[in-house]
Number of protein chains: 2
Amino acid sequence: MQATIQRTEQRFGNAAAQRSVLRSAITPASRDALALLEQFGTTISVHADREIHGQGDAAAYCYRIVTGCVRTVKLMEDGRRQIGEFLMAGDLLGFDALDTFDFAAEAVCDVTLRRYPRRMVDALAESNVALTRRLRDMTSISLRTAHARLVLLGRKTASERIASFLLEMAERLPGAHDHVLDLPMGRTDIADHLGLTIETVCRVLGHLRREGTIAIERSSITIRNDVALQQMASELRH
Amino acid sequence: MQATIQRTEQRFGNAAAQRSVLRSAITPASRDALALLEQFGTTISVHADREIHGQGDAAAYCYRIVTGCVRTVKLMEDGRRQIGEFLMAGDLLGFDALDTFDFAAEAVCDVTLRRYPRRMVDALAESNVALTRRLRDMTSISLRTAHARLVLLGRKTASERIASFLLEMAERLPGAHDHVLDLPMGRTDIADHLGLTIETVCRVLGHLRREGTIAIERSSITIRNDVALQQMASELRH
DNA sequence: CGAGCACTTGAAAGATTTCAAGTCCAGTGG
DNA sequence: CCACTGGACTTGAAATCTTTCAAGTGCTCG
């Protein structure tokens, strides 16, 4: 199982490959390790904009997103907001928490989740080496994602951030066929994820549309020129 | 994939109190778990500005910083640079890596490291539950640190970033007694860590000095008013 | 059909960066 | 021992990018 992850990781340097790695968490073998948990799982539904867990809550459960989209949110005193990441179907939430969450998780749209008691996860991890290893690798992958975002937020321009975001969504959104992205999140969420204002997000998207790089229809964006987007995204040196 | 263990920018509630909480993550028991590795360790020295490992290198070793300061670096094609974090004596590096590093690690000043073969770490982890658990928690803590930095880079102003940085250093620098910080890193490193330019770093520091909040003597900064700094840092809502 | 909300777009304001000089030491060589 | 040189750090002024403030559009829902 770990072999699968490692093999994928070899394709380093190719930005697209790198991104997909971050989400390809569910390989056949690793699904087996996680499958042990299934018997302890409960399926729950959460409506759009409802909280799944709050910032500072005890980490009593872990989750797997079955359908829909979830955002992880940190709020500052004055209301400034940072969305750490968007989680899509198949993504996991809370498996790498300590005993409390340091961010809230909210449903972006109506979502279905599979929920597992954390102490079952911990108990199983104690006795199952494969699962343990799997959990550690998953957390490492989350960390790698976070580090890529540090570069995005610390060093990229607004256009580069938007381009990177669109390319990431093109790979991660379920059914993003033919370069058509049905974005579940609004412009405000995108802005709070990319460290921009909603106006800047709109302006950059508008610019890309006028250039012919993308087409926009409300929440659906079609990538018309992904080479242009990739150049604009300025990925890391390799 | 940074491997800072005992530190975290955990920011709920009283930021200072919270920070020390995670420091105590290194309990006697957990130190014992890591102590198993000691027999496989080698001590090495690296001169200032030399590379410890490159971006993309196979993760053959893990490290513990014995003395000095290390920076983790990501470079973009055009030379823009992001420093993920600074590691101080006692911090760990590479324990949460996958099979390659996605960032370089460089000595900020002359450093002494203790180096452990990764496969020994993995082998021990397979058979030792305490160590395994310890590794997972360490990675989770790194992740929490990274998330706090996402807020800093995505939503804080230049002054807030500098204030947060100084407060973090006040806690993490070995021997930061009496609010005197001997910063091992230069202004350029600080800028590349905080997503700013060197000029902005200088200007904000100069402003704080003129205000009487800090005093500056080359690489040594004295905090004269830490309440002012804490207010300026704008920590997270709790 | 009107209200409300999300999204757009324009114009002015503001924060940070860029460009350009300096200043201040530490180390070097005379 | 002292002047000199290079690098790190400061500081000022103009340029630039993004935000803020303001309006306006368009769609959805009641």
Side-chain angles (χ1 to χ4, degrees), chain A residues 47-49 69 71 76 78-83 108-110 152-163 165-166 181-211 214-221 232 234, chain B residues 47-49 69 71 76 78-83 108-110 152-163 165-166 181-211 214-221 232 234:
Chain A
H47 287 297
D49 292 322
C69 175
R71 60 179 173 248
M76 292 174 68
D78 60 3
R80 279 176 287 178
R81 194 174 76 138
Q82 176 68 40
I83 293 183
V108 170
C109 52
D110 290 353
L152 182 143
L153 294 175
R155 287 298 179 217
K156 288 190 183 180
T157 66
S159 299
E160 290 170 341
R161 294 180 200 196
I162 296 284
F165 173 74
L166 292 176
L181 316 179
D182 276 303
L183 299 176
M185 71 293 287
R187 302 288 192 264
T188 303
D189 280 352
I190 296 174
D192 285 342
H193 180 51
L194 301 181
L196 301 170
T197 59
I198 183 175
E199 293 94 333
T200 300
V201 171
C202 283
R203 266 186 264 273
V204 173
L205 286 176
H207 179 68
L208 289 174
R209 178 174 50 68
R210 272 172 249 119
E211 274 189 347
I214 63 173
I216 305 177
E217 295 170 50
R218 212 52 166 163
S219 69
S220 173
I221 289 183
M232 188 175 303
S234 300
Chain B
H47 285 298
D49 293 322
C69 175
R71 62 180 173 249
M76 292 174 67
D78 59 4
R80 279 176 288 178
R81 194 175 77 139
Q82 177 68 40
I83 293 182
V108 171
C109 52
D110 289 352
L152 182 141
L153 294 176
R155 286 300 179 219
K156 287 190 182 180
T157 65
S159 299
E160 290 170 341
R161 295 180 200 196
I162 295 285
F165 174 74
L166 291 176
L181 315 180
D182 276 304
L183 299 176
M185 70 293 286
R187 302 289 191 266
T188 303
D189 280 352
I190 296 174
D192 286 342
H193 179 50
L194 301 180
L196 301 171
T197 59
I198 183 175
E199 293 95 332
T200 300
V201 171
C202 283
R203 267 186 265 274
V204 173
L205 287 176
H207 179 69
L208 289 174
R209 176 173 51 69
R210 270 170 251 121
E211 274 188 347
I214 63 173
I216 304 178
E217 296 170 51
R218 211 56 167 164
S219 69
S220 172
I221 290 183
M232 187 174 305
S234 299

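Letters go in sequence order (proteins before strands), and every chain restarts at 1. Please read these numbers as outputs of a predicted model, since none were measured by experiment.
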What is the distance, to the nearest angstrom, from the CG atom on B/Leu183 to the C1' atom on D/dC9? 13 Å

Return the value, rounded to whole Å, for the distance between atom CZ of B/Arg155 and atom P of C/dA15. 16 Å

Nearest 0.5 Å, what's the CD1-CG distance between A/Ile214 and A/Leu205? 5.0 Å

Compare every heavy atom of A/Thr200 with every heavy atom of A/Ala158, then report the nearest pair and how far apart it is. CB-CG2, 3.8 Å

Return the value, rounded to whole Å, for the distance between atom NZ of A/Lys156 and atom C1' of D/dT18. 18 Å

Could you list the donor-acceptor pairs under 3.5 angstrom formed between side-chain atoms of residues 181-192 of chain A and any protein atom two or more places apart in sequence or on another chain?
from: A/Arg187; atom 1: NH2; to: A/Arg218; atom 2: O; distance (Å): 3.3
from: A/Asp189; atom 1: OD1; to: A/Arg81; atom 2: NH2; distance (Å): 2.5
from: A/Asp189; atom 1: OD2; to: A/Arg71; atom 2: NH1; distance (Å): 2.8
from: A/Asp192; atom 1: OD1; to: B/Arg155; atom 2: NH2; distance (Å): 2.7
from: A/Asp192; atom 1: OD2; to: A/Arg81; atom 2: NE; distance (Å): 2.6
from: A/Asp192; atom 1: OD2; to: A/Arg81; atom 2: NH2; distance (Å): 3.1

Looking at A/Leu152 and A/Arg161, what are the two nearest heavy atoms and their distance? O-NE, 3.4 Å

How long is the line joining CD of A/Glu217 and P of D/dG26, in whole Å? 16 Å

Every protein N/O lying under 3.5 Å from an N/O of nucleotides 14-17 of chain D:
none

Please give, in whole Å, the distance from D/dT10 C1' to B/Ile221 CD1? 13 Å

Return the CG to NE2 distance between A/Asp110 and A/His47, rounded to the nearest 0.5 Å. 6.0 Å

Roughly how far, to the nearest 0.5 Å, is CG of A/Leu166 from CD1 of A/Ile221? 5.5 Å

Could you run down nucleotides 6-13 of chain C 5' to 3' and tag each one B, S or - for protein heavy-atom contact under 4.0 Å? -SBBBB--

Measure from CG on A/Asp49 to C1' on C/dC5 and round the result to the nearest Å. 12 Å

Nearest-Å distance, CZ (B/Arg80) to C1' (C/dT17)? 13 Å

Bending between helix ends of the helix from C/dC1-D/dG30 to C/dG30-D/dC1 [5 pairs per end, 10° resolution]: 30°

State which residues pass side chain to side chain contact (heavy atoms under 4.5 Å, CB included) with A/Glu211; sequence neighbours excluded, sorted by chain then number. A/His207, A/Leu208, A/Thr213, A/Met232

Give the minimum heavy-atom separation between B/Ile83 and B/His193, together with the two atoms involved. O-ND1, 2.9 Å

Residues in side-chain hydrogen bond (donor to acceptor under 3.5 Å, both in side chains) with B/Arg80, at least two apart? A/Glu160, B/Asp78

Separation of D/dT10 P from B/Ile162 CD1 (nearest whole Å): 11 Å

